[in-house]
Amino acid sequence: MMFLKEEDGRKSRVSDEIKPKLMVDDALPIEKFDRTFFYNIALRENSNIINRVSVTLDVETAHARLEVSEDRKRMRWTGTRRSLPDIRKWFTDSLCPCVLGSEGFTSGRHYWEVEVAGSRDWSLGVAAESVERKGVITLTPETGVWSIGRRDDGFDAFTSTLSPLPARPIPGRVGVYPSYKSATVSFYDADTKSHLHTFTGNKFTEKMYPFFGTCDENQWMRICSGSAPGV
């Protein structure tokens, strides 16, 4: 009986030690995860907290040189410019052809993954509904875009000054995890289940949308299903 009590006490202590690591201010922990911990605990056991969303692309916001697939799950840059009406919704910056997700959010924690393998020029993250869509776009939180991306061999978080990310090799699939309440946006290498970057110190006051951009000709970016990593 004494052994059982001690064993129960040990399990309770271990459980208490693990719990604070699951969420930090509504964001996933910033340290590296091993594959089993990230998948089984951080996502599966908190599936009622994290909304694993099935993102689709809003064609009406897509740059004229972006092609969006029929299922609205893939996008690529092309040399052909579509004829579009002069409305505010679509992006016009030729240096950063981009598109928003169809579904925005004003609360909760969300998670989706994007396959970028093979592309040498991409960016992804979240953008505020009011982000400027006409003319040149600066990808920084100050302008309403929280994103990371690749430019040839560079891999950076797009802050006011580029913040190089240490991941090598550059991920082939990236997880995006925004939390509206804590105004944080975290990114993960979905293949290795390791943390890439977290934007903090923000304040979200409007609807936020998934954000995608690419300048790699004819190379598709694909939004994966809303499942947890590894599925």
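Everything numeric in this text was worked out from a predicted model, so none of it was measured.
- Checked options Lys73, Arg222, Arg173; the residue passing with Glu113 is Arg173 (criterion: salt bridge (charged side-chain N to carboxylate O under 4.0 Å, His left out)).
- The two residues Phe212 and Gly101 come nearest to each other via the heavy atoms CE1-N, 4.1 Å.
- Here the closest heavy-atom approach between residue Trp122 and residue Arg151 is recorded as O-NH1, 2.9 Å.
- Under the 3.5 Å distance criterion, the side-chain polar atoms of Thr78 are left unmatched by any main-chain donor or acceptor of Leu66.
- In this structure a side-chain-to-backbone donor-acceptor pair under 3.5 Å is present from Asp58 to Glu60.
- To the nearest 0.5 Å, the span separating CD on Glu67 from CZ on Arg76 amounts to 4.0 Å.
- Looking at Pro178 and Met208, their side chains never come closer than 4.5 Å, going by heavy atoms from C-beta outward.
- Taken to the nearest 0.5 Å, the CZ atom of Phe105 stands 5.0 Å off from the NE2 atom of His110.
- Ring-plane geometry between Tyr188 and His195 is classed as perpendicular, the angle between the planes exceeding 60 degrees on a 0 to 90 degree scale with a lower cut at 30.
- With hydrogens and angles ignored, the 3.5 Å screen pairs a side-chain donor or acceptor of Thr214 with a backbone N or O of Asp121.
- To the nearest 0.5 Å, atom NE2 of residue His197 and atom CD1 of residue Ile148 are 8.0 Å apart.
- Cluster annotation: Trp220 and Leu100 are assigned to distinct hydrophobic clusters (Ile/Leu/Val/Met/Phe/Trp/Tyr, side-chain heavy-atom contacts under 4.5 Å, transitive).
- Residue Ala128 comes nearest to Glu206 through the heavy atom pair CB-CD, 3.6 Å, listed as atom of the first residue, atom of the second, then distance.
- The closest side-chain heavy-atom distance from Val176 to Phe187 is below 4.5 Å.
- For Ser123 (side chain) and Gly149 (main-chain N/O), no donor-acceptor pair under 3.5 Å exists by modelled atom type.
- When every heavy atom of Ala190 is checked against every heavy atom of Gly175, the shortest pair comes out as CB-N, 4.2 Å.
- Residue Asn202 comes nearest to Pro141 through the heavy atom pair OD1-CB, 4.1 Å, listed as atom of the first residue, atom of the second, then distance.
- The structure places CZ of Arg109 at 7.5 Å from NZ of Lys181, a figure rounded to the nearest 0.5 Å.
- Taking 4.0 Å as the cut-off between side-chain N and carboxylate O, Glu129 and Lys207 do not count as a salt-bridged pair.
- At least one side-chain heavy atom of Pro164 sits under 4.5 Å from a side-chain heavy atom of Asp156.
- Residues passing the side chain to side chain contact (heavy atoms under 4.5 Å, CB included) test with Asp153, sequence neighbours excluded: Arg120, Arg150.
- Atoms CD1 and CG, from Ile223 and Leu57 in turn, are 4.0 Å apart once rounded to the nearest 0.5 Å.
- The two residues Phe199 and Ala157 make their nearest non-hydrogen contact at CZ-CB, 4.3 Å.
- Residues Thr143 and Glu132 fail the side-chain proximity criterion, which asks for heavy atoms closer than 4.5 Å.
- Not one N or O on the side chain of Ser119 forms a donor-acceptor pair closer than 3.5 Å with the backbone of Asp216.
- Remark: of the listed residues Phe204, Tyr177, Phe158, Phe204 is the sole one forming a ring-ring contact (aromatic ring centres under 6.0 Å, His included) with Trp146.
- One distance of note links OG of Ser179 with OH of Tyr111; it measures 15.0 Å at 0.5 Å rounding.
- Arg72 meets the salt bridge (Lys or Arg N to Asp or Glu O under 4.0 Å) test with no other residue; sequence neighbours excluded.
- Panel note: side chain Asp189, backbone Asp191; a donor-acceptor pair is recorded below 3.5 Å.
- Residues Leu196 and Phe155 form a side-chain contact, since some pair of their non-hydrogen atoms from C-beta on lies under 4.5 Å apart.
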